[in-house]
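Positions are given from 1, in the same order as the sequence printed here.
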Amino acid sequence: MDFQSILQNETNYTFHSHTQFCDGRAPMRVMAEAAVAAGFRHYGFSPHSPIPFESPCNMSLESVDEYFDEYRAISSDPALASCRFYAGMEVDYLGDHWGPAHPYFHSLPLDYIIGSVHFIPTPEGEMVDIDGRFENFKMRMGKYFRNDIEYVVDTFYRQSEAMIAAGGFDILGHFDKIGQNASYYKPGIEDSSFYKQYIDRMCELIIANGLTIELNTKARAEHGRFFPAETTLPGLLRAGVPVLVNSDAHRPECIDASRREAIAIIDKLMEVVK
């Protein structure tokens, strides 16, 4: 996909959204109708990919064909023709055996793939979800990670670096997502040299690999932050990294949430870094 052309000509877009096929809270058609009503010109569906174990947040392998059937029905509906729709998928990187580079995902008629890390291995090798609500994260810290926040942060970013090395995705999803729960668990950790080394390394890899990233606005209203953090943006923008402003909406009323604020921040930063 030519994201650069869309970035240069449009602000009414988002390529990160979830529906009934994963952990979204509305059917695809309801989200599509909301996108049209909000004046979107480009709207991408990106269900959490199937993974090789049970997860309440991920779509099932059996529902993939139904997802594409629904996408085709929406895309061909004249009542929704003012917006172009795209069939994407947010693919979880789990390791060498499963991630955006897996041949299965490239056999699907996808317009694009978002590569994201939501699960990390415990010291014993069990994959555990470290995303989502802090109360769940805190419980899992004790149950699976021996309350070792440095292990969790280090493993998250090692998984992220491995995903970048493996490739196979078009957009790097919320690459510092662990920062939110890590900061609630250990306030101030994002200001530490320990944490900053991972951000610096991720930025180096993003620039060196010519990646397109997202500025994810989902947590702005509730948690007061974007992914990546605003302080990370200047260096990436200065290096010419394409930044898509995605709402990561799970409900129709959130499809444009905080995007205008994010676009204004990027515009202001671009004036400074030029």
[X]-[Y] co-clustered via ILVMFWY side chain contacts under 4.5 Å:
{"X": "Ile6", "Y": "Leu244", "answer": "yes"}
{"X": "Phe134", "Y": "Ile189", "answer": "yes"}
{"X": "Met270", "Y": "Val241", "answer": "yes"}
{"X": "Leu237", "Y": "Ile265", "answer": "yes"}
{"X": "Val30", "Y": "Leu80", "answer": "no"}

Flag the pair [X] and [Y] as a salt bridge only when some basic side-chain nitrogen lies within less than 4.0 angstrom of an acidic carboxylate oxygen.
{"X": "Glu230", "Y": "Arg220", "result": "yes"}
{"X": "Asp200", "Y": "Lys196", "result": "no"}
{"X": "Glu190", "Y": "Arg225", "result": "yes"}

What's the separation between atom [atom1] in [X] and atom [atom2] in [Y], rounded to the nearest 0.5 Å?
{"X": "Leu215", "Y": "Ser247", "atom1": "CG", "atom2": "OG", "value": "11.5 Å"}
{"X": "Asp131", "Y": "Ser116", "atom1": "CG", "atom2": "OG", "value": "9.0 Å"}
{"X": "Met127", "Y": "Phe119", "atom1": "CE", "atom2": "CZ", "value": "7.5 Å"}
{"X": "Ile120", "Y": "Tyr144", "atom1": "CD1", "atom2": "OH", "value": "12.5 Å"}
{"X": "Phe40", "Y": "Cys83", "atom1": "CZ", "atom2": "SG", "value": "8.0 Å"}
{"X": "Met89", "Y": "Asp170", "atom1": "CE", "atom2": "CG", "value": "13.0 Å"}

Could you tell me whether the side chain of [X] and the main chain of [Y] form a donor-acceptor pair under 3.5 Å?
{"X": "Asn209", "Y": "Leu211", "value": "no"}
{"X": "Asp111", "Y": "Gly88", "value": "no"}
{"X": "Asp176", "Y": "Ala229", "value": "yes"}
{"X": "Tyr157", "Y": "Arg201", "value": "no"}
{"X": "Ser46", "Y": "Glu90", "value": "no"}
{"X": "Ser258", "Y": "Glu261", "value": "no"}
{"X": "Asn12", "Y": "Arg41", "value": "no"}
{"X": "Asn9", "Y": "Ser5", "value": "yes"}
{"X": "Tyr151", "Y": "Thr122", "value": "yes"}
{"X": "Asn246", "Y": "Asn216", "value": "no"}

Between Lys218 and His174, is a side-chain contact (heavy atoms from CB on, under 4.5 Å) present by the stated rule, with each step listed?
CA-CA 10 Å; Lys218 178 186 174 185; His174 46 55; over 6 Å; no

For [X], does the [atom1] atom have more than 12 heavy-atom neighbours from other residues, nucleotides or ligands under 6.0 Å away?
{"X": "Arg72", "atom1": "CZ", "result": "yes"}
{"X": "Arg140", "atom1": "CZ", "result": "yes"}
{"X": "Arg29", "atom1": "CZ", "result": "yes"}
{"X": "Glu54", "atom1": "CD", "result": "no"}

If every non-hydrogen atom of [X] is compared with every non-hydrogen atom of [Y], which pair is closest and at what distance?
{"X": "Thr217", "Y": "Ala257", "value": "OG1-O, 2.8 Å"}
{"X": "Ile130", "Y": "Phe137", "value": "O-CD1, 3.5 Å"}
{"X": "Val245", "Y": "Arg259", "value": "O-NE, 2.9 Å"}
{"X": "Tyr43", "Y": "Ser17", "value": "OH-CB, 3.2 Å"}
{"X": "Leu205", "Y": "Glu161", "value": "CD1-CG, 3.5 Å"}
{"X": "Thr155", "Y": "Pro121", "value": "CG2-CD, 3.6 Å"}

Going by heavy atoms in the side chains, are [X] and [Y] under 4.5 Å from each other?
{"X": "Thr19", "Y": "Pro47", "value": "no"}
{"X": "Met28", "Y": "Tyr67", "value": "yes"}
{"X": "Ser160", "Y": "Met202", "value": "yes"}
{"X": "Leu7", "Y": "Pro242", "value": "yes"}
{"X": "Arg25", "Y": "Asp23", "value": "yes"}
{"X": "Met59", "Y": "Glu66", "value": "no"}
{"X": "Leu110", "Y": "Tyr71", "value": "no"}
{"X": "Glu33", "Y": "Pro27", "value": "no"}

Are the ring centres of [X] and [Y] closer than 6.0 Å?
{"X": "Phe175", "Y": "Tyr198", "value": "no"}
{"X": "Phe145", "Y": "Tyr185", "value": "no"}
{"X": "Tyr93", "Y": "Phe169", "value": "no"}

ring-ring contact (aromatic ring centres under 6.0 Å, His included) pairs, two or more places apart, involving residues 222-243
Tyr184-His223

Asp248 and His16: side-chain donor and acceptor closer than 3.5 Å?
yes

Write out all pairs satisfying side chain to side chain donor-acceptor pair (under 3.5 Å) with one or both partners inside residues 95-106, taking only residues at least two apart or from two chains.
none

Phe85 and Phe45 aromatic ring geometry - parallel, tilted or perpendicular at 30°/60° bounds:
parallel

Could you label the plane-to-plane angle of the His250 and His18 rings as parallel, tilted or perpendicular, counting under 30° as parallel and over 60° as perpendicular?
tilted

Test log, rule side-chain contact (heavy atoms from CB on, under 4.5 Å), inputs Val117 and Lys177:
CA-CA 8 Å; Val117 174; Lys177 190 76 184 291; over 6 Å; no

Stepwise, does the salt bridge (charged side-chain N to carboxylate O under 4.0 Å, His left out) test hold for Arg133 with Glu222?
CA-CA 11 Å; Arg133 292 288 177 183; Glu222 184 176 356; 2.3 Å; yes

Under the criterion side-chain contact (heavy atoms from CB on, under 4.5 Å), I'd like the reasoning laid out for Ile149 against Tyr195: C-alpha separation, chi angles, the key distance, then a yes or no.
CA-CA 11 Å; Ile149 191 62; Tyr195 188 89; over 6 Å; no

With salt bridge (charged side-chain N to carboxylate O under 4.0 Å, His left out) as the criterion, how do Lys143 and Glu124 come out once you've worked through the C-alpha distance, each side chain's angles and the decisive distance to 0.1 Å?
CA-CA 12 Å; Lys143 183 175 181 179; Glu124 294 73 33; over 6 Å; no

